[in-house]
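Report on the structure given below.
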There are 2 protein chains.
Amino acid sequence: MVQRTEEAARELESLRTFLRDKEIALNERLPPERELCEELGLSRGKLRKALAQLESEGQIWRHVGRGTFFGPRPVLNLGEVEFLCEKCRPTEVIEARMAMEPQMAKLAALHGTAANFTEMRRCIRLCRSAKDWRVYESWDNNFHQAIAAATCNKLLISLFETLNTVRRSTVWGQLRATRLPPKDHQSFAEHDDIYAAIVDRDAERAAEAMRTHLKSVRDRSYAPLFS
Amino acid sequence: MVQRTEEAARELESLRTFLRDKEIALNERLPPERELCEELGLSRGKLRKALAQLESEGQIWRHVGRGTFFGPRPVLNLGEVEFLCEKCRPTEVIEARMAMEPQMAKLAALHGTAANFTEMRRCIRLCRSAKDWRVYESWDNNFHQAIAAATCNKLLISLFETLNTVRRSTVWGQLRATRLPPKDHQSFAEHDDIYAAIVDRDAERAAEAMRTHLKSVRDRSYAPLFS
DNA sequence: GCCTGAACCATTTCGACATTGGTCAAAACA
DNA sequence: TGTTTTGACCAATGTCGAAATGGTTCAGGC
């Protein structure tokens with residue numbers, strides 16, 4: 001039994017080193033499974049197990065007929081989002097978030113289920129334990145997405161996914177340029193406040209906590225521009 | 001000169017009667033220009049002039065490589081919107097509107113330009129003068145879209161277009177079933193209030209007026225269900 | 001019992017070709 | 001001379017079939 005898990009771990013590691021060495025870019029498609037089998041000297045079954053592990057970690061995503069891709073799964077059709085990304089100034093993104101997210105926090109406090117709260121806790125926990133700014137960003141994203149899910153309103157969820165995708169692309173562009181520090185203790189406390197208000201079913205407090213958080217994010221993001 | 005305009009008018013009328021007699025459905029593609037030329041016995045130039053007139057009236061829309069279509073131009077990719085229309089309950093649509101539109105009214109009060117205000121006035125005027133519930137709905141839509149445009153935030157505008165398209169489809173379904181009266185004096189006054197607050201640059205009052213309007217719409221739409 | 005390899009499936013991508021609205025210039029017409 | 005028609009061309013889109021891809025199943029082998 002130990003033999004088997006050890007072997008699986010080695011296969012997983014060989015896949016990870018492949019991604020690192022080949023310097024696969026974000027959203028880039030990696031070779032089809034059948035080619036990767038030969039390249040890594042694995043059977044397709046073994047390879048698929050390793051890929052499944054990476055997928056569960058959110059490192060890659062797969063789609064029948066399209067391929068396997070590096071990075072988080074895009075939630076929406078890329079065409080429109082690319083269009084929006086090009087046309088939007090970063091200030092527009094934060095303005096849109098400040099318009100939408102406090103209202104969604106309200107609805108999350110009103111309609112959220114226990115499962116939604118569990119997911120929020122998970123995101124907060126993994127946000128805190130992130131050793132890398134990239135992983136932190138990912139779980140921060142998931143936290144806000146979890147709040148959207150808690151509204152139990154499919155239309156709002158879909159709208160927020162679009163907003164979030166645009167946000168992610170612009171933020172990532174910023175991060176690559178400015179190399180922000182990966183850990184941000186202020187955001188941790190603010191996330192806690194938002195979560196507490198939602199679980200308490202206190203809609204107004206949830207909206208206010210979200211507003212405070214977004215203001216804080218905005219000031220931190222754009223303060224360097226004026227200093 | 002009179003001869004020529006008379007002739008153009010006759011060609012335009014023959015095209016209108018064609019649309020009526022063939023009972024072209026909403027969003028249906030009508031025959032390509034080259035076929036229509038033969039069918040109506042017009043040269044392509046004449047036909048295109050008549051088509052341009054209908055397009056300027058908003059009756060049809062055209063796109064290179066796709067064709068000419070009956071009805072208002074869809075503002076977004078239909079695939080996602082159709083998906084959302086099927087999956088959304090009407091209560092979700094009004095909930096999403098109550099979350100987004102008051103915030104957008106705020107931003108419209110802050111960032112709106114004179115051109116935006118002129119467009120809002122036009123929509124309000126044409127809303128009042130509408131003799132048909134279908135036309136009324138159309139200009140009501142345009143009014144809310146004008147408010148979105150006044151935020152000067154391309155991302156929010158795009159998000160609202162999606163919301164508005166979903167709303168339109170569900171509202172149209174309702175209307176066809178329940179045959180609501182086309183004129184609604186309460187909405188007229190509410191539109192005026194929203195417009196006045198935005199022009200006064202009073203963000204909070206604009207949001208409150210929008211909230212009042214949406215509550216009123218919600219109560220009128222769903223009151224019949226509980227009576 | 002488990003792994004392997006191959007085959008098969010549903011979905012998607014890609015390329016070649018036909019179609020369509022937009023445009024222009026020469027021909028035909030008045 | 002001025003206008004309209006006609007045909008041709010262009011860029012963008014739809015169409016359709018072949019190839020590619022992830023997901024699944026199953027017989028064969030260790």
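Both backbone and side-chain heavy atoms feed into the values below; hydrogens, waters and symmetry mates do not. Owing to the predicted nature of the structure, the values given are computational and were not obtained by experimental measurement.
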Establish, with yes or no, whether the OP1 or OP2 oxygen of [N] is under 4.0 angstrom from a side-chain nitrogen or oxygen of [X].
{"X": "B:Arg66", "N": "D:dG14", "result": "yes"}
{"X": "A:Thr68", "N": "D:dG22", "result": "yes"}
{"X": "B:Arg48", "N": "C:dG22", "result": "yes"}

Nearest listed nucleotide, side chain of [X], among [options]:
{"X": "A:Ser43", "options": "C:dT4, C:dG21, D:dT13", "value": "C:dT4"}
{"X": "A:Lys46", "options": "C:dG22, C:dT12, C:dT4", "value": "C:dT4"}
{"X": "B:Arg62", "options": "C:dC3, D:dG22, C:dG21", "value": "C:dG21"}

A:Asp140/A:His191 under side chain to side chain donor-acceptor pair (under 3.5 Å): CA gap, chis, key distance, verdict: CA-CA 9 Å; A:Asp140 179 68; A:His191 284 177; 3.0 Å; yes
Rounded to the nearest Å, what distance is computed from the [atom1] atom of residue [X] to the [atom2] atom of nucleotide [N]?
{"X": "A:Trp61", "N": "C:dT12", "atom1": "CH2", "atom2": "P", "answer": "11 Å"}
{"X": "B:Leu51", "N": "C:dT20", "atom1": "CG", "atom2": "C1'", "answer": "13 Å"}
{"X": "B:Leu54", "N": "C:dG21", "atom1": "CG", "atom2": "C1'", "answer": "16 Å"}
{"X": "B:Leu42", "N": "D:dT6", "atom1": "CG", "atom2": "P", "answer": "11 Å"}
{"X": "A:Leu47", "N": "C:dC3", "atom1": "CG", "atom2": "P", "answer": "15 Å"}

Reading 5' to 3' through nucleotides 25-30 of chain C, protein heavy-atom contacts under 4.0 Å coded B for base, S for sugar-phosphate only, - for none: ------
Basic-acidic side-chain contact under 4.0 Å: [X], [Y]:
{"X": "B:Lys22", "Y": "B:Glu39", "result": "yes"}
{"X": "B:Glu55", "Y": "B:Arg62", "result": "yes"}
{"X": "B:Arg10", "Y": "B:Glu13", "result": "no"}

Any side-chain heavy-atom pair of [X] and [Y] under 4.5 Å:
{"X": "A:Leu54", "Y": "A:Leu12", "value": "yes"}
{"X": "A:Phe18", "Y": "A:Leu36", "value": "yes"}
{"X": "A:Leu156", "Y": "A:Met100", "value": "yes"}

If you look at every heavy atom in [X] and [Y], which pair is closest and at what distance?
{"X": "B:Ser187", "Y": "B:His213", "answer": "OG-CE1, 3.5 Å"}
{"X": "A:Leu163", "Y": "A:Ala96", "answer": "CD1-CB, 4.0 Å"}
{"X": "A:Ala148", "Y": "A:Ile157", "answer": "O-CG1, 3.3 Å"}

Whichever of B:Arg44 and B:His63 has its nearest DNA chain D nucleotide further upstream toward 5':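 First, find each residue's nearest nucleotide; the 5'-ward one identifies B:Arg44.
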Selection: residues 13-21 of chain A, any non-hydrogen atom under 4.0 Å of DNA chain D: none
Strand-adjacent residues in residues 29-40 of chain A, judged by heavy atoms under 4.0 Å from DNA chain D: A:Arg29, A:Pro32, A:Glu33, A:Arg34
From B:Glu38, B:Glu33, B:Glu11, residue fulfilling salt bridge (Lys or Arg N to Asp or Glu O under 4.0 Å) relative to B:Arg44: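 Of the listed options, the one satisfying the test is B:Glu33.
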From CD (A:Glu119) to CD1 (A:Ile124), nearest 0.5 Å: 10.5 Å
Sugar-phosphate, base or nothing in reach of B:Gly67, heavy atoms under 4.0 Å: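 Since only primed, P, OP1 and OP2 atoms lie under 4.0 Å of B:Gly67, the category is sugar-phosphate.
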